[in-house]
Amino acid sequence: MLKPDWLRVKAPQRERIGEVADLLLDLKLNTVCQEASCPNIGECFAGGTATFLIMGPGCTRACPYCDIDFDKSVRELDASEPQRLGEAVARLGLKHVVITSVNRDDLADGGASQFVACIEQVRQRSPLTTIELLIPDFCGNWTALATVMDAAPDVLNHNIETVPRLYKKARPQGIYERSLELLLRVRQGWPKAYSKSGLMVGLGESDAEVLETLADLRRHEVDIVTIGQYLSPGPKHLPVDRFVTPEQFEAYRGHGEAELGFLQVVSTPLTRSSYHAGEVQRLMAQHPR
């Protein structure tokens, strides 16, 4: 299936991404931008931003839509990773940082302690930088979730990814209701944090199912939603079922903000979970907590 014109982006040139890429290589850090083959890598790296991927690069889950490598082996956490991440944030002068991780189901706390250590290092080196976490579901370990939330991230993101009917196909180790419960626990237990979730379209869902999923997210008190086009990383991954038009993405946004009352819906074909995440600072100023 050929990509439509609205999904064609200019390949990033080395000079556009070189500075950030060199710093990440120097500090031996991974980014989801690189590992997940994000189409916006050129724009974000050129702007001096990146979404840091900790505890990786291998993931203990093998979701068939994802380009991150599968690795179910038991691995020790890198105790120096939080310090290196904190240094990268300081050297890049980031005003807003996004920290995400692979799934680490081999760890008792799913890696919650590593998220906390990264928050502490960023706050120590860059106290004015706002922090957004994009976390896995921790297999429903709510003690691990509390460990992360007690470290007071400004934004807590957990992606719902797709509509419930497609979970067995796209996210076989995930549980739709568990992800919704995580998001509700965040808002009810730590009301100062902004909650966020995201989903892909083009996996075989209908527009009606997308709207139903948005309604579920709003009922679970999610503040911010991102919606983007699924792009298959390769022949071993799930194929694209359809290319959703920019007009339909705008319809999702309008429904989510005007009808459902989300603080923000970012909905375009090239939207990804952390694309333009720095805009959340403007949102926080408009809706202070």
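Worth knowing before you read on, the calculation uses all heavy atoms, side chains too, and leaves out hydrogens, waters and symmetry mates. Residue indices begin at 1 and follow the sequence shown.
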> Do S206 side-chain atoms and E209 backbone N/O form a donor-acceptor pair below 3.5 Å?
Replying inline: yes
> Taking the side chain as C-beta and beyond, is there a heavy-atom pair between P246 and T268 under 4.5 Å?
Replying inline: no
>> Using the rule given for side-chain contact (heavy atoms from CB on, under 4.5 Å), can you reason through L133 versus V155, listing the C-alpha separation, both sets of side-chain angles and the distance that settles it, and then say yes or no?
In response: CA-CA 6 Å; L133 301 185; V155 181; over 6 Å; no
> So, the side chain of K95 versus the backbone of Q281: is there a donor-acceptor pair under 3.5 Å, distance only?
Replying inline: no
>> Is the shortest side-chain heavy-atom distance between F243 and L231 below 4.5 Å?
In response: yes
> Can you find a heavy atom in the side chain of L217 that is under 4.5 Å from one in the side chain of F262?
Replying inline: yes
> With sequence neighbours left out, which residue pairs that include part of residues 178-230 fulfil the ring pair (Phe, Tyr, Trp, His ring centres under 6.0 Å) condition?
Replying inline: none
>> Please check this pair: side chain of E221 against backbone of L183, looking for a donor-acceptor N/O pair closer than 3.5 Å.
In response: no
>> Regarding K196 and D223, does a basic nitrogen lie under 4.0 Å from an acidic carboxylate oxygen?
In response: no
>> Would V102 and T60 count as a side-chain contact (heavy atoms from CB on, under 4.5 Å) here? Give the steps.
In response: CA-CA 8 Å; V102 294; T60 55; over 6 Å; no
>> If hydrophobic clusters are built by linking Ile, Leu, Val, Met, Phe, Trp and Tyr wherever their side-chain heavy atoms come under 4.5 Å apart, do M55 and L27 end up in the same one?
In response: yes
>> Could you check whether any side-chain N or O of N141 sits under 3.5 Å from a backbone N or O of G110, counting only pairs where one atom can act as donor and the other as acceptor?
In response: no
>> Please check: side-chain N/O of T100 versus main-chain N/O of L134, any donor-acceptor pairing under 3.5 Å?
In response: yes
> Does some side-chain heavy atom of R218 sit less than 4.5 Å from a side-chain heavy atom of L214?
Replying inline: no
>> Taking side chain to side chain contact (heavy atoms under 4.5 Å, CB included) as the criterion, tell me which of E257, Q286, H287 meets it with Q264.
In response: E257
>> Under the rule for side-chain contact (heavy atoms from CB on, under 4.5 Å), what residues qualify as partners of D78, not counting sequence neighbours?
In response: S80, E81, R84
>> For the residue pair R61 and F70, would you count it as a cation-pi contact if the rule is NZ or CZ under 6.0 angstrom from the ring centre and within 45 degrees of the ring axis?
In response: no
>> For R165, is there an ion pair with E205 - N to carboxylate O distance below 4.0 angstrom?
In response: no
> Got L107 and S113 here, is their nearest side-chain heavy-atom distance under 4.5 Å?
Replying inline: no
> Would a 4.5 Å heavy-atom cut-off, applied to side chains only, mark D154 and H96 as touching?
Replying inline: no
> Quick one: are V122 and I131 in side-chain contact, heavy atoms under 4.5 Å?
Replying inline: yes
> How about P136 and C59: do any of their side-chain heavy atoms sit closer than 4.5 Å?
Replying inline: no
>> side-chain contact (heavy atoms from CB on, under 4.5 Å), that's the test. Do L145 and I135 meet it? Break it down for me.
In response: CA-CA 9 Å; L145 175 65; I135 64 170; 3.8 Å; yes
> Mind checking what makes side-chain contact (heavy atoms from CB on, under 4.5 Å) contact with E120, not counting sequence neighbours?
Replying inline: V116
